[in-house]
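Worksheet: one structure, shown below.
Labels below follow one simple rule: chain letters A, B, ... track the order of the sequence lines, proteins then strands, and each chain is numbered from 1.
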There are 2 protein chains.
Amino acid sequence: MPAKLSDVARLAGISKTTASFALNDEGGTRGISPDTVMRVKAAARQLGYVPNQASRFLRKGRQHLVGFLAPNINDSFYASIAQGIETAAEKHGYQVLFGSTFSNIERERRYIESLVARRIDGLVILPTDIKAHHLDLLHHHHVPTVMFRRRAVSRRKCKFMTFDDVESARLPVAHLAARGCRNIGLVVETQLALPEWLSIILDARIDGYRRALRDAGLRFRRDNILEIGYSGSEKHVTATVEKYLNSRKPDGLFAIEDLYYLRMKNALDRLGLRVPQDIKVVGCDNSYYCPYLSPPLSSVVFPQEELGRMMMEELEGMIGGSRGPSGEILLPPTLAARQSSK
Amino acid sequence: MPAKLSDVARLAGISKTTASFALNDEGGTRGISPDTVMRVKAAARQLGYVPNQASRFLRKGRQHLVGFLAPNINDSFYASIAQGIETAAEKHGYQVLFGSTFSNIERERRYIESLVARRIDGLVILPTDIKAHHLDLLHHHHVPTVMFRRRAVSRRKCKFMTFDDVESARLPVAHLAARGCRNIGLVVETQLALPEWLSIILDARIDGYRRALRDAGLRFRRDNILEIGYSGSEKHVTATVEKYLNSRKPDGLFAIEDLYYLRMKNALDRLGLRVPQDIKVVGCDNSYYCPYLSPPLSSVVFPQEELGRMMMEELEGMIGGSRGPSGEILLPPTLAARQSSK
DNA sequence: TTGAAAGCGCTACCAG
DNA sequence: CTGGTAGCGCTTTCAA
């Protein structure tokens, strides 16, 4: 239905060949007379001609299409990464096909197959299970791939990028120590039934916490770690936190998620503990509401968009052949210091 | 490089034609001997054959690809919609190409052209400017299109879906009135220099606010409307809010964004106003932290994923020809009533 | 400076 | 039941 090259050619009274050259005229390598070029371009405009990428690809072999597979997009973490990928992709003339795996192996497999069928030029993926068989399909079809977050021992050589998880805890705890805290607590998620990859991250963070304490000459105590989850009623959480605050009497806290601090607020208020005078707090993820809390919450910031951008740049390099297919890059987080840890 | 149909056919010792039918065997319409089917399938598996969508499309004329264009994806509002679209798309065997326009006309134009070039089957778009010329391209290429949010007078017939903005204010204000509030304030963004489409939404909300007041037999007073923005220092905002609270003495508040309530918290605390005893509050957007605030914040919830899903379903219908190309659908928001308005 | 024709990988018509 | 062949819309080689 839409106009095709032959229509344009006919209207311009010229052959397909010449029309094609006239339109894709790259610096006049092929000497087409200026007059012809004008005529063809005019005809194209008149017909609203837009070349068909699919058939173009069939000849040229490049789709200018990459995929991004993550658990879901409805999550500011992945969404920010997606944004970074998309921005970088656009700059290089690529478009991004997004798919949510919901961490479901079968769904992920279907997606990978579809993407391969579309002959995407590259893929950024947060694999559900790095050992899954369907990832071989990518390798077999020579799809340049960048993986992130799911670190695990793997026999496969691949390109891996993520945040430096150890540093993400060391940094804020060192910051609290430098502010004079001597008894710093760590607030984490409940540890039962954590998926493997998450517990790898958690371990790294606890490691960073230990390291910062050691560097500051402070002692690590396992019962300074408080477990809070998403679940658990308001009441239950408040009680747990109160007990913890009363028995441990921390003067500093690093919460592994900003939200955990929000959930502690109640208990803090009830015990009359003022932030930051009585207890200094740093959260993690730099949620968009941090600056608006009172006092504004200091938080660890992961450069998510930056990671997305870097992954796309890396992918672009792999596609173009200027970057190898394996290697590991860790991106360090930074700290947004605000009132809550002053 | 990857195996193609002819490779499979050769390995199975059979022609391309038969191989094709063997693989796409739709309920044996075309009678291929079971033995042949087996052989072909085995060959395909052995070679890791994945059909090339681009060439398939060239023959069949359906990409099973739709586009989604929004200002950005790094925003929980659009991300949720994207999630809904993606979920519904996957169900129907479609994939989603995402692009951020950053509300930049030129960028949007480029994207639309690329999407048309890819011969997407349909598009969901939040147009930057509904009057922009490049939207004609979609019409000209018969791309089924669903628009959302940017409502404006338009000569173009199109499919439009969005939330019921009037209701999004009427509902919470009516709720507050039912809880006994007699002097309900409205907290909105600063109104200077709002883009047209946003001020259309704001007007609708003020309208809803008025309507709820009238229904409850309460008087509308323009100075019960408090303007807060994203910008403005903590201090400045607190001062403004304190002045407002002191002079207007509201016993109920509807904040047009959850965040505005967060920004008011400081002033509320300083004046010793307890929520919900002294003043009841309802926010808007049902941000993920609402249940975790103390007290948990009541909030208007927009069914964003649902909207995304519906738009995709609608699009699917348009593509299949079972739905017309125009019409307008409003989705009503609901209320998550929590402690803050008890 | 231009054009005829081959062919990218696939499907589907028609003939065996 | 099976296979030759045309052609989807484009690029590109080669010849004029």
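Between A:R10 atom CZ and D:dC10 atom P the separation is 12 Å, expressed in whole Å. Spacing between atom CG of B:D7 and atom P of C:dC8 amounts to 11 Å, rounded to whole angstrom units. Between the CG atom of A:L5 and the P atom of D:dG7 there is a distance of 18 Å, given to the nearest Å.
Across residues 39-64 of chain B, B:L58, B:R59 each have a non-hydrogen atom less than 4.0 Å from an atom of DNA chain D (numbered order).
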Measure all distances between protein nitrogen or oxygen atoms and nitrogen or oxygen atoms of nucleotides 1-3 of chain C, and list the pairs falling under 3.5 Å.
from  : atom 1 : to    : atom 2 : distance (Å)
C:dT2 : OP1    : A:T36 : OG1    : 2.8
C:dT2 : OP2    : A:S33 : N      : 3.1
C:dT2 : OP2    : A:T36 : OG1    : 3.4
C:dT2 : N3     : A:R30 : NH2    : 3.3
C:dT2 : O4     : A:R30 : NE     : 3.4
C:dT2 : O4     : A:R30 : NH2    : 2.5
C:dG3 : OP2    : A:S15 : N      : 3.0
C:dG3 : OP2    : A:S15 : OG     : 3.3
C:dG3 : OP2    : A:T18 : OG1    : 2.9
C:dG3 : O6     : A:R30 : NH1    : 3.2
C:dG3 : O6     : A:R30 : NH2    : 2.5

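With sequence neighbours excluded, the residues forming a side chain to side chain donor-acceptor pair (under 3.5 Å) with A:H92 are A:E313, listed by chain and number. Considering only residues two or more places apart in sequence or on other chains, A:E314 meets the salt bridge (Lys or Arg N to Asp or Glu O under 4.0 Å) condition with A:K159, A:R323. With sequence neighbours excluded, the residues that form a salt bridge (Lys or Arg N to Asp or Glu O under 4.0 Å) with A:R107 are B:E86, B:E90. Listed by chain and residue number, nothing satisfies the side chain to side chain donor-acceptor pair (under 3.5 Å) test with A:S6 (two or more places apart in sequence, or in another chain). Not a single salt bridge (Lys or Arg N to Asp or Glu O under 4.0 Å) links A:E108 to another residue, sequence neighbours left out. Residues forming a salt bridge (Lys or Arg N to Asp or Glu O under 4.0 Å) with A:R10 (at least two apart in sequence, or on another chain): A:D7. B:Y111 is linked by a ring-ring contact (aromatic ring centres under 6.0 Å, His included) to nothing, counting only residues two or more places apart in sequence or in another chain. Partners of B:A89 according to the side chain to side chain contact (heavy atoms under 4.5 Å, CB included) rule, which considers only residues two or more places apart in sequence or in another chain, are B:Y94, B:V96, B:M312.
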Show me the donor-acceptor pairs, under 3.5 Å and distance only, between side chains in residues 41-54 of chain B and residues at least two apart or in other chains.
from  : atom 1 : to    : atom 2 : distance (Å)
B:N52 : OD1    : B:A54 : N      : 2.8
B:N52 : OD1    : B:S55 : N      : 3.3

Side chain to side chain contact (heavy atoms under 4.5 Å, CB included) evaluation trace for B:S20 with B:L5: CA-CA 7 Å; B:S20 174; B:L5 187 60; 3.8 Å; yes

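For the helix from C:dT1-D:dA16 to C:dG16-D:dC1, the terminal axes (five pairs an end, C1' atoms, rotation from four pairs onto the next four) enclose an angle of 40°, given to 10 degrees.
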